[in-house]
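Chain identifiers are assigned alphabetically (A, B, ...) following the order of the sequence lines, protein sequences preceding nucleic acid strands; residue numbering begins at 1 within each chain.
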Amino acid sequence: MPELPEVETVRRGLIPALEGRVLARVETRRADLRVPFSPRFEQRLTGRRVTDLRRRAKYILLDTDGPDTLVIHLGMSGRITLCAGGLSESPGRFHHPVLRNSDGHDPHDHVVMETDHGTRIVYNDHRRFGLMVLVPTNELDSHPLFKNMGPEPLEDAFTGAVLSAVLKGKRTPIKSALLDQRVVAGLGNIYVCEALYRARISPQRLASTVAGVRAERLVPEIKSVLREAIEAGGSSLRDYAHTDGELGYFQHHFAVYDRLGAPCLTPKCRGKIRRLVQAGRSTWSCPVCQR
DNA sequence: AGGGGGACCTGTGCGC
DNA sequence: TGCGCACAGGTCCCCC
């Protein structure tokens, strides 16, 4: 999936098209994504004005002038594209060929919305690990999706001391701990690998031993890698693209992710990037300068 | 109680 | 060319 920087880029791309606009038409083309759409999904959204577009971790929150907030997650392969009225739904300028059904639709275009200004918003997700649900706005914090979620990494409240306190006593590798959304919300495989590299911390190190000085070193690196990635419009690997179809370019700045065998970029370090598997997911790191 | 492993999906790229 | 396998920005449930 898009991790925090990619989701943030999508959110920013949606603002000009959606903020203050009325959802004139909402169409779901199947019963579910990873989970079913909320009951009466289309009716509850149609005619509502979008009052705000927020992000929490990897979720986009679309507040309306009704009781509900539309909660969107892009899973691993979700994409949202905008197009002015009259154009085909998936504009076809992506790096993937666009599939078509006999009715002319991309079979992975699962949700199509249209605003009162005629902009079409298309949600495409070929793996369907994403979700779209309606949650009463005043119940968001207590909703199961959010109630146990850790701090936003880019907020000032996320400090070395805060991370340190959560890691203390955790008997799991730091790599797994950082992927745990209860520890810090919004990091995924790429930015965990990159942040650990920048902080020169081994992904295999026990989380409890990162508490203290290493946590103080790690937090600024988490923030800097996320900020730089947002600045670059996120990272485009297989599926991710901006709302206008353009690609992010932070993937060109990876120091370790998917760089198996490449020389470590740390000056004077002779290490070669290795790949290991932790909790079923690939981890890339430099065995020499990450300890 | 908390963490690891599989399940959920489809697509792509590789080796044989 | 084709087939099978491994792997992919995530999360959740089950089981130990």
| remark: Among dC12(C), dC9(B), dG10(C), the one nearest any side-chain atom of Arg128(A) is dC9(B)
| task | Taking ring-ring contact (aromatic ring centres under 6.0 Å, His included) as the test, write out the residues that go with Tyr123(A), two or more places apart. | result | none
| message | Under 4.0 Å, heavy atoms only, any strand: does Pro173(A) hit a base, just the sugar-phosphate, or nothing? | response | sugar-phosphate
| All salt bridge (Lys or Arg N to Asp or Glu O under 4.0 Å) counterparts of Arg274(A), not counting sequence neighbours | none
| field | Proximal nucleotide (of dG3(B), dG4(B), dG11(B)) relative to the Ser176(A) side chain | value | dG4(B)
| query | So does His108(A) get a side-chain nitrogen or oxygen closer than 4.0 Å to the phosphate oxygens (OP1/OP2) of dG11(B)? | reply | yes
| If you find the nucleotide of DNA chain C closest to Arg275(A) and the one closest to Arg34(A), which residue's nucleotide is nearer the 5' end? | Arg275(A)
| task | Using side-chain contact (heavy atoms from CB on, under 4.5 Å) as the criterion, list what pairs up with Val219(A), not counting sequence neighbours. | result | Phe158(A), Leu163(A), Lys223(A)
| field | Side chain Arg127(A) and base dC9(B) donor-acceptor under 3.5 Å | value | yes
| field | SB check Arg55(A) Glu152(A) (cutoff 4.0 Å) | value | yes
| said: Within this structure, what is the CG-CZ distance for the pair Leu140(A) and Arg56(A), rounded to the nearest 0.5 Å? | reply: 10.5 Å
| message | Using atom P in both nucleotides, what's the gap between dA1(B) and dT11(C) to the nearest angstrom? | response | 24 Å
| request: Please state how far atom NE2 in His143(A) lies from atom C1' in dC12(C), giving the value in whole angstrom units. | output: 14 Å
| query | For DNA chain C, which consecutive runs of 3 or more Watson-Crick or G-U pairs (each distance under 3.5 Å) count as stems? | reply | B:2-8 with C:10-16, B:10-16 with C:2-8
| Just how far is it from atom CD1 of Ile121(A) to atom CD of Glu114(A), taken to the nearest 0.5 Å? | 8.0 Å
| query | Who passes salt bridge (Lys or Arg N to Asp or Glu O under 4.0 Å) against Arg227(A), sequence neighbours left out? | reply | none
| request: Would you tell me if any nitrogen or oxygen in the side chain of His73(A) comes within less than 4.0 Å of OP1 or OP2 on dG10(C)? | output: no
| message | Taking dC3(C) as the reference, what is the distance to dC9(B) when you measure between their P atoms (whole Å, please)? | response | 24 Å
| task | Could you check whether Leu33(A) gets within reach of a base, just the sugar-phosphate, or nothing at all, counting any heavy atom under 4.0 Å? | result | nothing
| task | Select one nucleotide: of dG3(B), dC7(C), dT11(C), the one nearest the side-chain heavy atoms of Tyr59(A). | result | dT11(C)
| Going by heavy atoms closer than 4.0 Å, what residues in residues 187-199 of chain A are next to DNA chain C? | Gly188(A), Asn189(A), Ile190(A)
| task | Would you say whether Phe129(A) stacks on dC8(B)? The test is a distance between ring centres of less than 5.5 Å and an angle between planes of less than 30°. | result | yes
| said: Heavy atoms only, 4.0 Å cut-off, all strands: where does Thr172(A) land among base, sugar-phosphate and nothing? | reply: sugar-phosphate
